[in-house]
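Worksheet for the structure shown next.
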Amino acid sequence: MYGAGDIEPGRAMLAMNFLMDRSPDNWKRKLAGLKEKVGACRSDEPIKPIEAAQVSDAGKVELGKKLYFDPRLSKSGFISCNSCHNLSMGGTDNIKTSIGHNWQEGPINAPTVLNSSLNVAQFWDGRAATLEEQAKGPPANAIEMGMPNLDAVIGRVRNIPGYKPYFEKAFGAGDVVTMDNVAKAIAAYERTLITPNSAYDRYARGETKALTEQQVRGLNALADVGCTSCHQGPTFSGPPLPVGTGFFMKFPTYPDSPYVAKYDFLSDSGRASATRDDADKNVWRVPGLRNLVYTAPYFHNGQVHTIDEAVRIMASTQLNQSLSDAQVADIVAFLQTLSGPFPTQQMPRLPPTPGDLID
């Protein structure tokens, strides 16, 4: 199989055509075509590993880190980006759906922020093309951080004088304390949140002893069963595509699977809620498979608590297969090798809160 970055043009075009043809009757045929044409990721031709982040603008990263951890971007002053995407817990919050402003329960499971810069679209429904666009969503969301609008968010930041020197360091002099620059800074910081050097990454670089025999069997089973039809590329979330394109899949592809009713997978319309297109109903951005041991519960609705159950569900709902206990155990053993070291973090010291900002 071609590694990430080496994808042959025909396969890239296959992926693009797959995205364009979204009529409901074509999903099963398209998935079968992907399984056949994309090819299997065998243990002797591994998907390329992810690489450590390269910091190109330390000033933006420093500012973005402060903003990421600052709860004052929320109406209550209690909720920060880190509240739902906790970097000590795998970049998520480990609850079914996140708790936001006024203890409101959100409608969807929080995806991990780790390695999110390697996604070609953001959010479960892919409605944001970039991390910058994504960063503007939660602060002014009534259920999440609760600010009435983005003007109120940047107004709060401007009323904290200690922030201005950090904006000027990152963006130069002038009127630089803007919402666009808030988003740019947070995105710059999030691009540093990469988890390279997992056991799988070491194996992919040629360290053959990095995986056990069972884990290698799991890698091969992932391909043989058909999982790598979609879960390919360095984050196992799809082939390389232009940023903002997204790689989407109907879920469930086989709605008569018994797991569909058991876990209520059809109640959310998926991408259709963003596009208002019925052809996108129950279509989702294909999520990555890295760091799964840290990101339970699973799926968009957070209904599934274990990786082995998630593997059985995906085989049934997407590939119309029932796996043996041995196959599941092997695949789970491999998926555990995709957890890499978290980026080293030191908590930022935030600018002080002026007294007149306190209610």
Applying ring pair (Phe, Tyr, Trp, His ring centres under 6.0 Å) to Tyr263 and Phe299, what does each step give before you reach the verdict? CA-CA 10 Å; Tyr263 292 110; Phe299 296 95; 7.7 Å; no
Nearest 0.5 angstrom please: Arg290 CZ to Ser237 OG, how far?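 If I round to the nearest 0.5 Å, the distance is 9.5 Å.
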Separation of Ile313 CD1 from Ile307 CD1 (nearest 0.5 Å):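 Between Ile307 CD1 and Ile313 CD1, I get 12.5 Å after rounding to 0.5 Å.
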Could you tell me whether the side chain of [X] and the main chain of [Y] form a donor-acceptor pair under 3.5 Å?
X	Y	answer
Gln122	Ser116	yes
Asn301	Lys96	no
Tyr294	Ser88	no
Thr92	Ala110	yes

Using a strict cut-off of less than 4.0 Å between a Lys/Arg side-chain nitrogen and an Asp/Glu carboxylate oxygen, indicate whether Arg205 and Asp201 qualify as a salt bridge.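 A salt bridge is absent here (no side-chain N lies under 4.0 Å from a carboxylate O).
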Do Asp280 and Lys250 sit within salt-bridge range, that is, some charged N less than 4.0 Å from a carboxylate O?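 No, Asp280 and Lys250 are not salt-bridged.
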Taking the six-membered ring of Tyr166, is NZ or CZ of Lys66 closer than 6.0 Å to its centre and within 45° of its axis?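 Pair Lys66/Tyr166 counts as cation-pi.
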State whether Phe248 and Arg271 meet the cation-pi test: NZ (Lys) or CZ (Arg) under 6.0 Å from the six-membered ring centroid, and within 45° of the perpendicular axis.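 Judged by the rule, Arg271 and Phe248 form a cation-pi pair.
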Counting the benzene-type ring for Trp, do Phe334 and Tyr203 have ring centres under 6.0 Å apart?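 Ring centres of Tyr203 and Phe334 not closer than 6.0 Å.
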Assert yes or no for the condition that the ring centre distance of Phe265 to Tyr259 is strictly below 6.0 Å.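 Not close enough - the centres of the two rings lie 6.0 Å or further apart.
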Worked verdict on Ser98 versus Asp93 for side-chain hydrogen bond (donor to acceptor under 3.5 Å, both in side chains): CA-CA 7 Å; Ser98 297; Asp93 53 16; 2.5 Å; yes
Any donor-acceptor N or O pair under 3.5 Å, side chains Thr195, Asn291: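 The answer is yes; a qualifying pair exists.
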Test side-chain hydrogen bond (donor to acceptor under 3.5 Å, both in side chains) applied to Ser117 - qualifying residues, sequence neighbours left out: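 Counting only residues at least two positions away or on another chain, Ser117 forms no side-chain hydrogen bond (donor to acceptor under 3.5 Å, both in side chains).
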